[in-house]
Peer 1: 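Attaching a single structure in structure tokens format; questions to follow.
Throughout, residue positions are numbered sequentially from 1 according to the sequence presented. Given the structure is predicted, the values throughout are model-derived calculations rather than measurements.
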Amino acid sequence: MPFAYFNLKLPHNTAQLIFKASSTKFNYAIVLLHNFYVFPRQEIAGLGPCDEFLCQTTSMDFLAKYQFDFNACIHEGISYLSREQEREALRSLNSTYDNSEWSDIGKLKNVRDIPLLSTADILFTARMKNKFGEWRDGLFQEQNQEDQIQGISKDSKFQVTFFEMHPALRLNGFTSHQLKLIQLVIRKHFKDLSYVSVNSETSGSQQLVVYTDSKDELNLLLKKVKEENHRAEEKKIQAAVGFRHVIDLLSSEQKLIVGYNCFLDIAHVYSKFIGPLPGSPDEFVASVNKCFPHIVDTIILLNTNLMFQEKMKRSRKSLASAFTLFCPQIAAGSRSTDLGSLSHVKVDVEVDGSRSCSWNPGGKHEAGYDAFMTGCIFAQLCSDLGIDFKLRDSSNQLALNEKLQKYVNRLYLSWIHGDIIDLNTGNKVADSSPSHSLKKRYPTILFENIVIIWGFPSKLKANEVRECISKVFGPTSVVSVFHLDATAAFVQFSKTELVSDFLLVKDSLERSDGAISVLHPLSKLLEGGNTCAANYDTYNEICGSPLSEGLFADQAKKVGIKWKTKLTECKVASRGEEHENPSLQANDVNTAMKNVEKTKPNTIDQLGNASSRGQVSTFEIEDSSRVAEANL
């Protein structure tokens, strides 16, 4: 199979795969379709805590809407271990067996001297002592041996057998508590009998009481049991690997992995089947490239190839839209060739051993069908690029095809910002797609340039918040405004110093009772007297509290925030010197409001000075309002 493509809904703990094999003709393909449910069943006891699910109700509703079978996922889902979990299980197993003596093999875990407090325990241990004593004595009395065997055989809980050429009794149907009592009886009263717990590959788990003539025989027996148990536990771990064998096969064969906007798919595959996600992007890129050296994201092909860009110009970028656009005859599920042309790839689908060119497709958002659409799009794009992928070719040759090379191992880190990462080098590369203009709409976030404002009137929209601030600090001062909730928003400034300037102006206005505070452009934002503001660090502090409320303003109150404006350190220091230099605050305010002077120099300063002298005229107030409007 030249390549494999998949769509995994691992956040919902189900994975469904589809494998693709091409024929010798580039415009004909045979699709082998396989769907799998996976479920992280805990097959190995003691291997860390059980997996936990964190599900949004909307996600559950979405899956149910598209006929996701939750019962099949839980009851029939294939279990799995990640590579890290397998290594940890083997480390724990080897450590246990390396550090244990042979004599420990016959002991149950956590067995201590159990005080015989109940009458049932006392009677049970006495009966077991008599039973084992009679059986052992019968081994030495040839004339009574047959009678002893027949007597024990009548009890279904004891089965006479031989273990490694030694006489033995197999114990059946005892509870774990009773087995502990039996072990204590054997240890206390019989030096030539040993309790042995065996995990055999052929016969499974067995609990035995074995007779040995000497200590050397016992040690040799226990050594064999230890080795057999170790092999059985290794087999159990291998069986628990489960569905990861499929991922390992794709990795070892270095198959070309094809996805559609698949960065999160790759991240989920890594976290579920490889190990915890690395702590840095560089480590993640190196690890992914090692596991899957050839990855193609079809959205990269569509967005960076000029021919495909032109075709997709008026189309949505969703998987279903791309499928309908590039594979119309397959999307229609019809035998008719009128919908396509000779340039369209013909696909035969093989499901459960039957092949059909008119396969009745599944529904979108069903993982297997999404993977099918992804593979069909990729096959068609390869055909359009003139790539001849043949059955005899390996996936490596397809991945190394010069026409495909510039699209291999490139993934979108962020669809919003258009960041593309090269998995070969770990470097970001330029995005040549038309959607790259999104970067202008959604600029890079700089936390040091962000102010969090909360408690303002809920009627204010993001554009109104921007207008209020831009009137004071200039039309280019605000980069973006994002609502956190109805009364809270993030404002990102174009310069870091504008953060402290904004906080100082807001604080000064709230301390002033003059006309300027009423007519100031920020008055709309400060209406109601409940508006608070601080830098991004304060937002982190408030959100770090275990207390939680629906609105951020309520959350801040719950945490104990009583101030309205938290100035940055340098401004706090300046405020501390106000008693020595009363004019310092006014100078800082005037400096922070320089941008307003671009429209009409000195008007705000004159208004502020006039206000302090009590000489504000009607003309000056109206004029200041026009200045504020002009700054729009």
Peer 1: Restricting to non-hydrogen atoms, name the atom on Q207 and the atom on S205 that form the minimum distance, rounded to 0.1 Å.
Peer 2: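 So the two residues come closest at NE2-OG, 3.4 Å.
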Peer 1: Compute whether any side-chain donor of one residue and acceptor of the other, for N409 and Y407, lie under 3.5 angstrom apart.
Peer 2: no
Peer 1: Measure across Q85 and L81 and return the closest heavy-atom pair with its distance rounded to 0.1 Å.
Peer 2: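 That would be OE1-CA, 3.4 Å.
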Peer 1: With side chains defined as the heavy atoms from C-beta onward, is the minimum distance between S287 and I274 less than 4.5 Å?
Peer 2: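 Side-chain contact under 4.5 Å: no.
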Peer 1: Between T374 and D370, is there a donor-acceptor pair closer than 3.5 Å when you use the side chain of the first and the backbone of the second?
Peer 2: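 Here the side-chain-to-backbone pair exists.
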Peer 1: For the residue pair L381 and T298, what are the closest heavy atoms and their distance?
Peer 2: CD1-O, 4.4 Å
Peer 1: Could you tell me the separation between the CZ atom of F174 and the CZ atom of F124, rounded to the nearest 0.5 Å?
Peer 2: 5.0 Å
Peer 1: Can you tell me if S95 uses its side chain to pair, donor with acceptor, with the backbone of R91 under 3.5 Å?
Peer 2: no
Peer 1: Do N229 and E233 get their side chains close enough for a donor-acceptor pair, meaning under 3.5 Å?
Peer 2: no
Peer 1: Please give me the minimum heavy-atom distance between S252 and L249, naming the atom from each residue.
Peer 2: OG-O, 3.1 Å
Peer 1: As a quick check of understanding, evaluate side-chain contact (heavy atoms from CB on, under 4.5 Å) for L319 and I377, giving each step before the final call.
Peer 2: CA-CA 9 Å; L319 175 60; I377 291 170; 3.6 Å; yes
Peer 1: Count the heavy atoms of every other residue, nucleotide or ligand shown that sit under 6.0 Å from CD of Q405, and state whether that count exceeds 12.
Peer 2: yes
Peer 1: Does one side chain, of S280 or E283, offer a donor that lies under 3.5 Å from an acceptor on the other?
Peer 2: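 Yes, E283 and S280 have a side-chain donor paired with an acceptor closer than 3.5 Å.
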Peer 1: Before we go on, tell me: are the rings of F243 and F39 under 6.0 Å apart, centre to centre?
Peer 2: no
Peer 1: Between CG of L63 and CG of D69, what distance do you get to the nearest 0.5 Å?
Peer 2: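 So the CG of L63 and the CG of D69 are separated by 11.5 Å.
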Peer 1: At their closest point, which heavy atom of Y195 faces which heavy atom of I186, and how far apart are they?
Peer 2: N-CG2, 3.9 Å
Peer 1: Would you please test D384 and Q380 for side-chain hydrogen bond (donor to acceptor under 3.5 Å, both in side chains) and show each step?
Peer 2: CA-CA 6 Å; D384 292 344; Q380 184 61 57; 3.0 Å; yes
Peer 1: Can you check side-chain contact (heavy atoms from CB on, under 4.5 Å) on H245 and Q238, steps first, answer last?
Peer 2: CA-CA 9 Å; H245 285 303; Q238 283 297 312; 4.0 Å; yes
Peer 1: May I ask you to check whether N199 and H230 show a side-chain donor-acceptor distance below 3.5 Å?
Peer 2: no
Peer 1: To the nearest 0.5 Å, how far apart are CG in D61 and OH in Y66?
Peer 2: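 Rounded to the nearest 0.5 Å, the CG-OH separation comes to 10.5 Å.
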Peer 1: Give a yes/no verdict on a cation-pi contact between K272 and Y80, requiring under 6.0 Å between NZ or CZ and the six-membered ring centre and an angle within 45° of the axis.
Peer 2: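 Relative to the ring axis of Y80, which defines the angle, K272 lies outside at least one limit.
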Peer 1: Looking at G426 and V285, what are the two nearest heavy atoms and their distance?
Peer 2: CA-CG1, 3.7 Å
Peer 1: Just wondering, are more than 12 heavy atoms of other shown residues or ligands nearer than 6.0 Å to NZ in K157?
Peer 2: yes
Peer 1: With sequence neighbours excluded, tell me which residues meet side-chain contact (heavy atoms from CB on, under 4.5 Å) with V185.
Peer 2: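 Partners of V185 by the side-chain contact (heavy atoms from CB on, under 4.5 Å) criterion, ordered by chain and then number, come out as T125, K129, H189, F190.
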Peer 1: Establish, from distance only, whether the side-chain atoms of N303 and Y412 form a donor-acceptor pair under 3.5 Å.
Peer 2: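 A pair is found: one side chain offers a donor N or O, the other an acceptor, under 3.5 Å apart.
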Peer 1: Would you sort out whether M60 and T57 count as a side-chain contact (heavy atoms from CB on, under 4.5 Å), showing the intermediate values?
Peer 2: CA-CA 5 Å; M60 304 292 282; T57 53; 5.6 Å; no
Peer 1: Is D297 reaching over with its side chain to a backbone N or O of C262, donor-acceptor style, under 3.5 angstrom?
Peer 2: yes
Peer 1: In residues 70-77, what donor-acceptor pairs under 3.5 Å come from side-chain atoms, sequence neighbours left out?
Peer 2:
none

Peer 1: Are the charged groups of R87 and E84 less than 4.0 angstrom apart, N to O?
Peer 2: yes
Peer 1: Hey, does the side chain of S271 reach the backbone of L277 with a donor-acceptor pair shorter than 3.5 angstrom?
Peer 2: no
Peer 1: Quick one: ring pair (Phe, Tyr, Trp, His ring centres under 6.0 Å) partners of H166, sequence neighbours excluded?
Peer 2: none
Peer 1: What distance separates E164 CD from K223 NZ, expressed to the nearest 0.5 Å?
Peer 2: 13.0 Å
Peer 1: Once rounded to the nearest 0.5 Å, what's the spacing between atom SG of C291 and atom CG of L423?
Peer 2: 11.5 Å
Peer 1: So, the side chain of S251 versus the backbone of I247: is there a donor-acceptor pair under 3.5 Å, distance only?
Peer 2: no
Peer 1: Do side-chain atoms of E217 reach the backbone of D213 as a donor and acceptor pair under 3.5 angstrom?
Peer 2: yes
Peer 1: Go through it in stages, so that I can follow the logic: the residues are Y37 and F68, the test is ring pair (Phe, Tyr, Trp, His ring centres under 6.0 Å), and I'd like the CA-CA distance, side-chain angles, deciding distance and then a yes or no.
Peer 2: CA-CA 10 Å; Y37 285 104; F68 180 82; 5.6 Å; yes
Peer 1: Enter the distance from L171:CG to I182:CD1 here, rounded to the nearest 0.5 Å.
Peer 2: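 The CD1 atom of I182 is 5.0 Å from CG of L171, to the nearest 0.5 Å.
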Peer 1: Using a strict 4.0 Å threshold on nitrogen-to-oxygen distance, state whether E234 and R231 make a salt bridge.
Peer 2: no
